[in-house]
Amino acid sequence: MNLIPHPSFSSTLTNEFNRALLQLKDSVPDLSTACVATRDGFEIARLESDNDQRKLAAMASSMHALGDAIAAEASLGACRNVIIEGNAGKAVMLTVPDAAANKVLIAAASSDTNLAMLLISSRTCCEQLANASQNHFAPDTEFVT
Amino acid sequence: MNPAPIKLVFTGPVGSGKTTALHQLSEITPVVTEQAMTVGATVNKTTTTVALDYGEVTLENGEKVLLFGTPGQRYYDYMCKIVAQGATGIMLLLNNDNADPQNDLAYFTELFADHAKRGAMVLGITHTEGARNNPLQRYHAWLSDRGYMLPVFAVDARNRDDVILMVEALAASLEY
């Protein structure tokens with residue numbers, strides 16, 4: 001199923017996001033899922049091989065917001081990432097560090113993947129996503145803040 | 001051992017006043033998970049709850065009440081189900097000025113069917129001063145046609161007394 005275009009993100013930008021996700025896949029061979037979501041829960045890019053990740057995107061936004069709330073409550077500063085470890089794999093959710101600060105990357109991999117490797121590669125991917133969105137700042141300025 | 005605290009859940013569609021009502025009632029600084037809206041923001045509504053709100057209030061008899069708020073967007077339905085687990089009662093807020101508040105009523109009574117069927121739900125109709133002006137009678141009629149016996153109030157989510165009235169009505173319907 002095709003991704004539903006998000007009105008605030010141009011296709012040029014989401015194409016660049018897709019490229020960053022493909023590079024993440026290259027550096028983490030066991031990557032099972034990767035998608036970029038807005039912090040209010042909309043999927044804006046995903047690995048081409050993935051099926052619909054709308055629900056996962058919404059859940060990543062909820063988890064990340066809870067991460068922020070817990071970090072604030074426990075005086076941990078801003079939430080950089082949330083980590084979930086399951087019996088069969090792990091998932092990380094990271095803030096995309098651009099000026100808009102309105103996007104989250106979620107990446108999941110099998111349990112064979114080293115957690116540090118997944119985190120570092122995802123962080124690199126986030127920097128690429130942030131650079132791409134800084135270079136396409138115009139669409140992001142449409143946000144009502 | 002102290003009895004289990006009462007857990008109340010504020011739910012309803014986007015812009016019905018869930019976060020506002022919880023803020024009015026809570027005696028602690030609420031935990032909020034509001035995010036800027038990337039779609040559908042308006043002059044009056046720029047942020048939306050994406051996980052849950054949390055607050056606490058103590059009743060006059062000393063009982064502690066835990067307050068939870070859900071997101072309003074339907075794609076966050078999984079959060080509603082998580083938050084509703086173990087809830088004593090559901091406070092359903094409906095925006096009278098929405099395009100189709102009865103559709104919202106149908107959706108949320110279905111989503112929280114367990115609570116609705118056993119009367120552990122109270123309805124607060126907000127924005128009753130709005131242009132659409134649906135009479136409360138329509139909500140009563142819709143509910144009674146489907147066999148629900150739930151209290152319905154016109155409330156202003158910014159008014160603490162209105163919110164307390166909903167809590168008291170819920171407590172009363174659970175007692176009898």
Side-chain angles (χ1 to χ4, degrees), chain A residues 3-10 13-14 17 35-45 52-76 78-79 82 84 93 95-96 98-104 106 133 139-145, chain B residues 7 9-16 18-20 22-23 26-56 66-87 107-108 111:
Chain A
L3 197 94
I4 301 164
H6 188 290
S8 300
F9 300 93
S10 68
L13 180 56
T14 51
F17 284 180
C35 94
V36 184
T38 63
R39 298 209 53 182
D40 60 338
F42 295 101
E43 182 189 23
I44 45 179
D52 185 4
Q53 298 292 357
R54 264 179 295 175
K55 194 165 184 186
L56 195 69
M59 289 177 161
S61 73
S62 298
M63 278 304 298
H64 209 280
L66 286 173
D68 264 341
I70 289 170
E73 191 66 26
S75 307
L76 309 179
C79 173
V82 176
I84 292 172
M93 280 146 275
T95 312
V96 176
D98 58 8
N102 60 2
K103 298 169 215 70
V104 179
I106 175 165
S133 89
D140 280 357
T141 54
E142 287 170 14
F143 283 90
V144 179
T145 50
Chain B
K7 173 178 174 180
V9 174
F10 288 89
T11 194
V14 178
S16 57
K18 302 174 292 296
T19 299
T20 305
L22 189 141
H23 272 75
S26 182
E27 63 201 8
I28 63 164
T29 306
V31 175
V32 291
T33 58
E34 286 198 291
Q35 294 294 328
M37 294 169 80
T38 61
V39 178
T42 64
V43 175
N44 296 321
K45 176 83 180 163
T46 57
T47 62
T48 193
T49 299
V50 302
L52 53 83
D53 296 328
Y54 175 80
E56 294 174 5
L66 310 184
L67 308 168
F68 286 77
T70 73
Q73 266 98 359
R74 294 191 184 182
Y75 61 86
Y76 283 122
D77 58 348
Y78 58 89
M79 275 312 312
C80 292
K81 287 173 188 160
I82 293 170
V83 169
Q85 283 173 23
Y107 175 79
F108 283 99
L111 190 62

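Hydrogens, waters and symmetry mates play no part in the numbers below; they use all other heavy atoms, side chains included. A, B, ... follow the sequence lines: proteins, then strands. Residue 1 opens every chain. Predicted model only: the values in this text are computed from it and were never measured.
Put simply, the side chain of B:Tyr78 gets close to the backbone of A:Ala58: a donor and an acceptor are under 3.5 Å apart.
Annotation: side chain to side chain contact (heavy atoms under 4.5 Å, CB included) contacts of B:Leu111 (sequence neighbours excluded): B:Asp77, B:Cys80, B:Lys81, B:Tyr107, B:Phe108.
Looking only at atom types and distance, the side chain of A:Asp40 has a donor-acceptor partner in the side chain of B:Thr38 under 3.5 Å away.
Looking at B:Tyr75 and A:Arg54, their side chains never come closer than 4.5 Å, going by heavy atoms from C-beta outward. For the pair B:Val50/A:Arg39, no side-chain contact is recorded, criterion being any heavy-atom separation below 4.5 Å from C-beta on. A:Leu66 is listed as a side-chain neighbour of B:Thr33, based on a closest heavy-atom distance under 4.5 Å.
Within 6.0 Å of the CD atom in A:Glu73, the count of heavy atoms belonging to other residues, nucleotides or ligands does not exceed 12.
Within the 4.5 angstrom heavy-atom criterion, atoms from both the backbone and the side chain of A:Met59 approach chain B.
For the atom pair B:Met37 CE and A:Thr38 OG1, the distance stands at 10.5 Å (nearest 0.5 Å).
For the residue pair A:Ser62 and B:Ala51, the shortest heavy atom distance occurs at O-CB, 3.6 Å.
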